[in-house]
Amino acid sequence: MTMDFSTIFRQKRDAIIERWIESVFDAQQIDATNQLTFEAVRNSLPKVLDSLAVMLAGDRTDKFKAVDEASIEHGIIRADQGFEPAEIAREYRLLRTVIFSALEEDLVQSSPRDLLWAIRLIDTVVDEAIAQCFDSYTQSRIEELEQLQTQLQLTNQELTRLIRASQENMSKLTHELKTPLTSIIGYADFFIRQQQKPDTKDTELQLESIKRVLRNGRFLLRLINDTAQLQQGDGHIKLNMELIDPKVLVRSVREIVEPLARTKGLDLRVDCDRAPQQVQTDALRLQQILTNLLSNAIRYTEKGFVELAVETHQDHRWSLVISDSGIGIDQSAQDRIFEPYFQVCRSSTSDAEQGTGLGLAVVAQLVELMQGKILVTSKLDHGSTFTVTFPIEPTISNA
Ligand code: ADP
């Protein structure tokens, strides 16, 4: 009578699994199991053994289908668990040893023909399992590498973009610094040459050169200060949030910009009728935002008005609306005016009023930091409106 290996195998299945798991845990050369639980190591092995039992029963209708499915699953899990290929090969070698030693007694009692048939079948099934397992393991690893590669490509693109942007900013900055510096050197040089001439002492002319040196020096300082603030990065700007009356702040900013508007004969209007009583803000930063926007409005308006309105909204927000009847901003430039050093066209005004191209970049940075939003609407030759909206009580804690 031929031996029923399938039944014997089924009876010993759990013992085989247990012994195999123990030997996998004990194997010095399989490190991946150090962090794993019993269940995790066991994973789809019972399925591999069940399909082996089916095949030992002589049922070869589905051939290796069940073995293949179980081994594919095993490979994916092992890849996920961080097994090395050599470790997988070792765990299968152990499986073969465990199966044969569990069946040893029964095998030696069977006929030589049955014995050979069973050994060949077990070997073939284990080999097939190894092949499928490696296949799916490699596939998982390739997918993992592809994901990693995509991620790396994205990071690389972002880094390249950042480097290019900072290179562009750097070359714009050097360009911006060059003009006032050349001017300072030129006027200082002229002043010294005038001084060295014994007879011609035109004090008026000399005074004018010193004034220009001073103006350009101040402009340089502004440029450097604004650049330094932008370079600080959002994480390093400390806000000092406090409850203030926006009308008081508006009054002090008005005092700063009024002389500029007066010099240009502009009508400076301020409307605080709809202003909130109190807002939570960083007063100094808010003053910086407002001064920048108002001085821009004045700088780019030759006639007419500059208006500041403070408004309260229903949704616990409030706005500062700065409008002017100035030169306006072309639609295509409106998206770019918040970029550092971007200027629609260099103003023809005197160097005392010259813009740095950094004002709006600083404003945008501060507005975002204070959880606000800035919007611009403008029509060329008709004027511009900048609207800055903040929460009345932003969720910012003092650093
Ligand atoms: P700048 O120091 O040159 O004023 P900003 O960053 O403050 O730099 O502004 C960027 C550019 O946006 C300006 O050069 C100017 O062309 C344009 N701009 C800003 N505000 C106004 C405005 N109120 N009216 C027209 N153009 C403006």
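For clarity, every value in this text was computed on a predicted model and none was experimentally measured. When a residue number appears, it is its place in the shown sequence, counting from 1. All ligand and atom numbering here is 1-based and tracks the order in the structure.
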Phe338 to ligand 1, any heavy atom closer than 4.0 Å: no
Within 6.0 Å of NZ in Lys47, more than 12 heavy atoms from elsewhere: no
Lys/Arg N to Asp/Glu carboxylate O, Asp189 vs Arg193, below 4.0 Å: yes
Atoms in ligand 1 flagged as close to Gly359, the criterion being non-hydrogen separation under 4.0 Å: 5 (P), 6 (O), 7 (O)
Nearest-option assignment for atom 7 (O) of ligand 1, heavy atoms, candidates Leu223, Asp226, Asn296: Asn296
Heavy-atom nearest neighbour of atom 6 (O) of ligand 1 within options Val306, Val376, Thr356, Leu360: Leu360
Cation-pi check, Arg78 onto Phe83 ring (under 6.0 Å, within 45° of axis): yes
Proximal ligand 1 atoms for Ala297, defined as those under 4.0 Å from one of its heavy atoms: 23 (N)
Any Gly328 heavy atom less than 4.0 Å from ligand 1: yes
Of the listed options Phe342, Tyr300, Tyr341, closest to atom 22 (C) of ligand 1 (non-hydrogen atoms): Tyr300
Residues Arg212, Glu208: salt bridge by 4.0 Å N-O rule: yes
is_close_aromatic(His74, Tyr92), centroid dist under 6.0 Å: yes
Residue Val344 vicinity, atoms of ligand 1 by number, heavy atom under 4.0 Å: 14 (O), 16 (O)
